[in-house]
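Reviewing the structure listed below.
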Amino acid sequence: MNVKKEYILLALLIASSIAYLVFQQTDRIHYTLPKLKPVKSDEITKIEMARAGGVTVLTRKDNVWYISPNNWRADQTKISEMLEKLAGLTVTGLVSESKSYARYQLDDKNKVVIKAFAGAVLKQEFSLGKTAPTNAHTYIRLPGDDKVYLASGDLPRLFTAPAAELRDMLVFSIEPAEITNMEISQDGRISTFVRE
């Protein structure tokens, strides 16, 4: 009789251990990620990038972007990529709650505060740190939040570039269809090509 009780007790112990291992979920996330306000890239009219050394401001006038205060024309390709990143910015993970920002370059000395406006309305704001080791994510902080998060994309490549690198360096542009003749001069010889 004792042997039967021992087998029953052993079977119950094994069944409860198996049930515990099957139903225990150790990979659960015990926090919720913040949802960023959706931003449409075509509604953004101004981007501010503030760091310890100064502020770079990009403004859109008549669908052309300019770098303030010198009113330099901005490289439209780089601006388009910035707008795409701002519109698609998503928080993918929580990194730290320790308020230790220097290791993520989110301290006052290193961080870049990005603000995107639609007219006078602030549409997006976050502090930008360094790129994560994966090179596919960036460390960010949100206003009013002490936590450090991961955002998708290599954002410092775009948003930490100096104003000189954002300038449109195109000096002269002409459409090929507008060319009717062309003259090439070399060593005193002149060759002329005429479109008919």
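For clarity, every value in this text was computed on a predicted model and none was experimentally measured.
Closest non-hydrogen pair, L83 versus I47, comes out as CD2-CD1, 3.9 Å. The two residues N135 and D154 make their nearest non-hydrogen contact at O-CB, 3.9 Å. Looking at every heavy atom in both residues, Q124 comes nearest to K37 through NE2-O, 3.7 Å. Contact record, D146 with Y101: O-OH, 2.6 Å, taken as the closest heavy-atom pair. For the residue pair L158 and K85, the shortest heavy atom distance occurs at CD1-CG, 3.5 Å. For the residue pair S41 and A87, the shortest heavy atom distance occurs at N-CB, 4.0 Å.
Between T160 and L155, every side-chain heavy-atom pair lies at or beyond the 4.5 Å cut-off. V39 places a side-chain heavy atom less than 4.5 Å from the side chain of I44. Counting heavy atoms from C-beta on, the side chains of Y104 and V95 come closer than 4.5 Å.
Hydrophobic cluster membership differs between V64 and W72, with clusters built from Ile, Leu, Val, Met, Phe, Trp and Tyr side chains linked at under 4.5 angstrom.
For the residue pair S100/S98, the side-chain donor-acceptor check at 3.5 Å is not satisfied. In summary, the side chains of Y66 and N70 do not present any donor paired with an acceptor at a separation below 3.5 Å, with no hydrogens or angles considered. Checked by atom type, the side-chain pair S152/T92 shows no donor-acceptor distance below 3.5 Å.
The structure places CD of E196 at 11.0 Å from OG1 of T180, a figure rounded to the nearest 0.5 Å. To the nearest 0.5 Å, the span separating CG on L58 from CZ on F159 amounts to 9.0 Å. We find the NZ-CG distance between K147 and D145 to be 5.0 Å, quoted to the nearest 0.5 Å. The CG atom of L94 lies 6.0 Å from the OH atom of Y149; values are rounded to the nearest 0.5 Å.
For residues 47-67, the salt bridge (Lys or Arg N to Asp or Glu O under 4.0 Å) pairs, not counting sequence neighbours, are K46-E48. Within the structure, the salt bridge (Lys or Arg N to Asp or Glu O under 4.0 Å) test picks out the following pairs touching residues 68-79 (sequence neighbours left out): R73-D168.
Annotation for Q76: atom CD counts as buried by contact number, over 12 foreign heavy atoms lying within 6.0 Å. Other residues, nucleotides and ligands place more than 12 heavy atoms under 6.0 Å from the CZ atom of R195.
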What side-chain donor-acceptor pairs closer than 3.5 Å can you find for residues 106-123, not counting sequence neighbours?
residue : atom : partner : partner atom : Å
D107    : OD1  : N110    : ND2          : 3.0
D107    : OD2  : N110    : ND2          : 3.3
D108    : OD1  : K111    : NZ           : 3.4

Point to revise | Candidate pair I190 and E183, rule side-chain contact (heavy atoms from CB on, under 4.5 Å), full reasoning | key: CA-CA 7 Å; I190 298 174; E183 205 172 89; 3.5 Å; yes
Practice item. Show your reasoning for whether side-chain contact (heavy atoms from CB on, under 4.5 Å) applies to L128 and T138. Key: CA-CA 7 Å; L128 181 66; T138 302; 3.3 Å; yes
Exercise for review: Please step through side-chain contact (heavy atoms from CB on, under 4.5 Å) for the pair R157 and T131, ending with a clear verdict.
Suggested key: CA-CA 9 Å; R157 178 181 60 82; T131 306; over 6 Å; no
Exercise for review: Kindly indicate, with the supporting measurements, whether the criterion side-chain contact (heavy atoms from CB on, under 4.5 Å) is fulfilled by L12 and L10.
Suggested key: CA-CA 5 Å; L12 286 173; L10 183 61; over 6 Å; no
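With L36 as the partner, the side-chain contact (heavy atoms from CB on, under 4.5 Å) test is satisfied by one option alone out of L86, L89, T90: L89.
By the 6.0 Å and 45° rule, R141 does not stack over the aromatic ring of F126.
Looking only at distances, no side-chain donor or acceptor of Y139 sits under 3.5 Å from a matching main-chain atom of A151.
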